[in-house]
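Letters A, B, ... mirror the listed sequences (proteins, then strands); counts begin at 1.
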Number of protein chains: 2
Amino acid sequence: MSTLSRQSTLADKIGEMGVRLTKQRRFLIDLIESSQTHLHPSDILKLARQRGEKMDRTTVYRTLGMLKEMGLIEELDLLHLSGHEHYYELRDKNKRHIHLGCVKCGKILEFRSRLIEQLESEIRKETGYDVLSMRIEVAAICRKCRGENGDE
Amino acid sequence: MSTLSRQSTLADKIGEMGVRLTKQRRFLIDLIESSQTHLHPSDILKLARQRGEKMDRTTVYRTLGMLKEMGLIEELDLLHLSGHEHYYELRDKNKRHIHLGCVKCGKILEFRSRLIEQLESEIRKETGYDVLSMRIEVAAICRKCRGENGDE
DNA sequence: AATCAGTTGCAATCAAGTTGCAATAAGGAG
DNA sequence: CTCCTTATTGCAACTTGATTGCAACTGATT
């Protein structure tokens with residue numbers, strides 16, 4: 001499940017775009033491609049250091065910014081349920097999804113629906129805007145937290 | 001179009017909740033209720049100072065935080081098209097809308113659709129989560145900017 | 001192997017938002 | 001209308017997330 005388990009699509013794409021594939025970029029890309037969770041810059045930095053990679057905060061921000069500009073990753077706020085950092089995930093144009101966060105326990109659930117694509121094409125049709133990306137974040141209370149305690 | 005043009009619903013609600021209605025809160029509430037645009041903390045502070053109100057950054061943040069907690073205003077990121085500040089707008093439960101931002105000129109368009117309500121009830125039904133608020137922000141290119149210049 | 005523009009790391013800086021606490025003022029009691 | 005209590009404000013210091021300028025380094029092409 002790590003670095004070489006599958007070909008890095010991002011690395012390929014980046015190479016094609018004439019961008020240098022440095023050790024740091026390779027590490028960050030592998031991390032995002034293999035991660036099951038939403039990562040934020042300090043996560044990435046911490047993981048890099050744990051694995052003995054040389055990596056600076058600045059590089060993390062710059063690389064994430066670049067990947068975002070290229071449309072390869074998606075930036076999330078996750079409703080700022082904890083801190084104000086941004087989170088990042090691999091972009092998958094064919095599988096738009098919603099992030100549903102519980103304001104009590106902080107758990108993030110991903111939710112898919114064909115309504116998202118419908119909404120997107122409605123926007124295109126009615127406004128004439130060219131949609132690049134959509135961010136749908138929902139603040140909610142999960143069943144467990146609702147059951148446990150009415151307030152707090 | 002200003003302060004007294006209509007009764008402040010927010011001020012009433014706040015009064016009912018046993019919260020002190022100070023000069024600063026009154027000003028901020030009036031401002032948000034009468035504003036046609038999305039305001040961020042430094043806008044509010046600047047406007048207060050221009051009108052000779054005594055107001056501190058801290059108070060702006062605290063008051064916005066309180067109104068947000070009470071569910072009376074909505075917090076937006078507007079995709080961070082300019083800076084990382086948060087924007088605020090009056091909450092209107094019956095009129096959920098999307099914020100559509102042009103990544104080139106920065107213009108924000110509001111867009112309504114019955115698909116939003118459908119999406120919300122679908123989430124409730126399928127996940128069992130109790131939805132408190134939804135934030136839908138779309139990065140796009142407006143017709144004008146697309147026409148003018150293919151890249152940049 | 002040599003080259004060199006693209007990248008990185010570091011230190012300094014910026015910007016947004018928060019905290020602790022003394023001074024102030026809202027609004028109910030008398 | 002004045003007093004009193006306590007919530008609220010303003011200020012200064014601080015924290016956190018992100019950015020910038022620049023010298024040193026390195027990937028990849030010759």
Side-chain angles (χ1 to χ4, degrees), chain A residues 8 10-31 38-49 51-70 73 75-88, chain B residues 8 10-31 38-49 51-70 73 75-88:
Chain A
S8 171
L10 287 201
D12 291 349
K13 288 190 190 158
I14 284 175
E16 285 163 20
M17 296 176 90
V19 172
R20 256 186 219 172
L21 214 23
T22 62
K23 254 170 74 90
Q24 291 84 345
R25 286 180 179 161
R26 210 179 276 281
F27 174 81
L28 193 150
I29 286 169
D30 281 348
L31 196 59
H38 307 106
L39 296 166
H40 56 255
S42 48
D43 280 336
I44 294 171
L45 195 62
K46 207 187 304 167
L47 285 165
R49 298 246 161 101
R51 300 190 196 171
E53 298 283 339
K54 191 167 198 289
M55 174 92 84
D56 186 73
R57 211 163 15 121
T58 318
T59 303
V60 175
Y61 286 117
R62 281 192 286 227
T63 307
L64 290 171
M66 184 191 75
L67 295 172
K68 184 179 122 189
E69 286 308 309
M70 289 176 162
I73 60 174
E75 184 186 86
L76 311 170
D77 287 295
L78 298 187
L79 299 155
H80 308 299
L81 292 180
S82 55
H84 287 126
E85 278 184 294
H86 285 128
Y87 294 77
Y88 295 87
Chain B
S8 170
L10 288 200
D12 291 350
K13 287 188 191 159
I14 284 173
E16 286 162 20
M17 297 177 88
V19 172
R20 262 184 216 174
L21 213 22
T22 62
K23 255 168 75 89
Q24 290 84 346
R25 285 179 180 163
R26 210 179 276 281
F27 175 82
L28 192 150
I29 286 168
D30 282 348
L31 196 60
H38 307 105
L39 297 165
H40 56 256
S42 48
D43 280 336
I44 294 172
L45 195 61
K46 208 188 303 167
L47 285 164
R49 299 247 159 101
R51 300 188 196 173
E53 298 284 339
K54 192 168 197 290
M55 175 93 84
D56 186 74
R57 217 170 1 132
T58 318
T59 303
V60 174
Y61 285 117
R62 281 191 286 226
T63 307
L64 290 171
M66 186 191 73
L67 295 172
K68 185 180 121 190
E69 286 308 310
M70 289 174 161
I73 61 173
E75 184 184 87
L76 311 169
D77 287 295
L78 297 186
L79 300 154
H80 309 298
L81 293 180
S82 53
H84 287 125
E85 278 183 295
H86 286 129
Y87 294 78
Y88 296 87

Take the protein atom [atom1] of [X] and the nucleotide atom [atom2] of [N], then report the distance between them rounded to whole Å.
X     : N      : atom1 : atom2 : result
B:I44 : D:dG10 : CD1   : C1'   : 17 Å
B:M66 : C:dG17 : CE    : C1'   : 18 Å
B:H86 : D:dT16 : NE2   : C1'   : 13 Å
B:D77 : D:dA18 : CG    : P     : 11 Å
B:K46 : C:dA16 : NZ    : P     : 11 Å
B:L64 : D:dT9  : CG    : C1'   : 15 Å
A:E69 : D:dT19 : CD    : C1'   : 14 Å
A:D43 : D:dA18 : CG    : P     : 12 Å

Practice task
Compare every heavy atom of B:I73 with every heavy atom of B:Y88, then report the nearest pair and how far apart it is.
Solution key: CD2-CD1, 3.7 Å
Practice task
Any chance you could lay out the side chain to side chain contact (heavy atoms under 4.5 Å, CB included) test for A:D77 and A:H84, step after step, and finish with the verdict?
Solution key: CA-CA 7 Å; A:D77 287 295; A:H84 287 126; over 6 Å; no
Practice task
Using the side chain to side chain contact (heavy atoms under 4.5 Å, CB included) rule, take B:D43 and B:E85 through it: C-alpha gap first, then chi angles, then the decisive distance, then the call.
Solution key: CA-CA 10 Å; B:D43 280 336; B:E85 278 183 295; over 6 Å; no
Exercise for the section: Look at the side-chain N and O atoms of B:R25 and state whether any lies under 4.0 Å from the OP1 or OP2 oxygen of D:dA7. Expected result: no
Handout entry: Phosphate OP1/OP2 of C:dT18 contacted by B:Y61 side-chain N/O (<4.0 Å)
Key = no
Exercise for the section: Please assess A:R25 against A:M66 for the test side chain to side chain contact (heavy atoms under 4.5 Å, CB included), listing each intermediate value before the final yes or no. Expected result: CA-CA 10 Å; A:R25 286 180 179 161; A:M66 184 191 75; 4.0 Å; yes
Handout entry: Flag side-chain contact, heavy atom, 4.5 Å: B:Q24 against B:V60
Key =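 With C-beta onward as the side chain, the pair stays apart.
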Practice task
Evaluate the side-chain proximity of A:L76 to A:H86: yes if any heavy-atom separation is below 4.5 Å, no if none is.
Solution key: no
Distances for protein N or O near nucleotides 28-30 of chain D N or O, under 3.5 Å:
residue: D:dA28; atom: OP1; partner: A:L21; partner atom: N; Å: 3.2

Handout entry: Residue among A:H38, A:H80, A:H40 satisfying ring pair (Phe, Tyr, Trp, His ring centres under 6.0 Å) with A:Y87
Key = A:H40
Practice task
Check whether any side-chain N or O of A:T63 sits under 3.5 Å from a backbone N or O of A:T59 as a donor-acceptor pair, and report yes or no.
Solution key: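 Yes; judged by distance alone, with no hydrogens or angles, the pair exists.
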Exercise for the section: Please answer whether the main-chain N or O of B:M55 pairs with a side-chain N or O of B:R49 as donor and acceptor at a distance below 3.5 Å. Expected result: yes
Fill in the blank from the handout: With B for base contact, S for sugar-phosphate-only contact and - for none (protein heavy atoms under 4.0 Å), nucleotides 9-15 of chain C reads BBBB---
